[in-house]
Amino acid sequence: MEVRPCPTDGAELPERDATQLLVTATLSNGERMDVTRLATFELGAKIGQISPHGLIDPLANGRTSLVVKLGGKSVKVPVEVANYDPRQKV
C-alpha cells in the first residue's frame, strides 16, 4: 500500500489548501489500484481534519503521523502542517 498527496506531479500546494491523499494498492497480478475510498485514516495529533475519503484540512502547525488501514494492513506516514495562519483570508 502506498500513500501520496495529490497531485503527485511534484506541484507545490498553496498554503491553507486542503490536500487529497491517494492510496494505491498493488494487486497479486501486479496491477495498481486506487483504494483511497476503501481505506480508513487516523491522524495522531489534531493538526488537521481528515475526511473518510482522505481529504486533509489543516487546523494548526505541527507534525504527527497518519495511519492508513486497509484489509488488515496499515501504513504509517509523517504529516506536517507549516505556515498555517487561521486568520489568513482565503
Side-chain angles (χ1 to χ4, degrees):
M1 186 169 32
E2 181 180 27
V3 180
R4 298 183 295 169
C6 284
T8 59
D9 61 2
E12 285 191 28
L13 298 168
E15 292 176 17
R16 289 198 42 87
D17 272 6
T19 301
Q20 176 64 51
L21 299 178
L22 173 65
V23 182
T24 54
T26 303
L27 306 178
S28 59
N29 65 1
E31 186 179 331
R32 293 173 51 93
M33 180 176 162
D34 177 356
V35 293
T36 306
R37 297 199 181 265
L38 302 174
T40 60
F41 304 91
E42 298 172 11
L43 274 175
K46 196 68 173 169
I47 62 168
Q49 283 182 325
I50 186 156
S51 78
H53 303 297
L55 182 68
I56 299 177
D57 283 306
L59 294 176
N61 291 317
R63 294 179 188 200
T64 192
S65 294
L66 171 71
V67 177
V68 181
K69 297 179 183 179
L70 176 68
K73 297 186 180 190
S74 66
V75 175
K76 189 175 186 177
V77 294
V79 174
E80 180 176 5
V81 175
N83 302 319
Y84 176 72
D85 181 359
R87 298 167 303 192
Q88 182 180 5
K89 296 192 182 212
V90 182

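The nearest pair of heavy atoms linking Pro58 to Val81 is CB-CG1, 3.9 Å. Here the closest non-hydrogen pair linking Ile50 and Ile56 is CD1-CG1, 3.6 Å. When every heavy atom of Leu55 is checked against every heavy atom of Ala18, the shortest pair comes out as CD1-CB, 3.8 Å.
With rounding to the nearest 0.5 angstrom, the CZ atom of Arg4 is 5.5 Å from the CG atom of Leu22. The OG1 atom of Thr24 sits 4.0 Å away from atom CZ of Arg32, with the distance rounded to the nearest 0.5 Å.
A donor-acceptor pair under 3.5 Å is absent between the side-chain atoms of Asp57 and the main chain of Gln49, judged by distance alone.
Under the rule for a side chain to side chain donor-acceptor pair (under 3.5 Å), the partners of Arg37 that lie at least two apart in sequence or sit in another chain are His53. Listed by chain and number, the residues in a side chain to side chain donor-acceptor pair (under 3.5 Å) with Asn29 amount to none (sequence neighbours excluded). Judged as a salt bridge (Lys or Arg N to Asp or Glu O under 4.0 Å), and not counting sequence neighbours, Glu31 has no contacts.
Counting only heavy atoms from C-beta outward, the side chains of Phe41 and Val23 approach each other to under 4.5 Å.
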Would you list the atom pairs, donor with acceptor, under 3.5 Å between side chains in residues 64-79 and any protein atom, with sequence neighbours excluded?
| unit_1 | atom_1 | unit_2 | atom_2 | d |
| --- | --- | --- | --- | --- |
| Thr64 | OG1 | Gly44 | N | 3.4 |
| Thr64 | OG1 | Ala45 | N | 2.8 |
| Lys69 | NZ | Glu42 | OE2 | 3.4 |

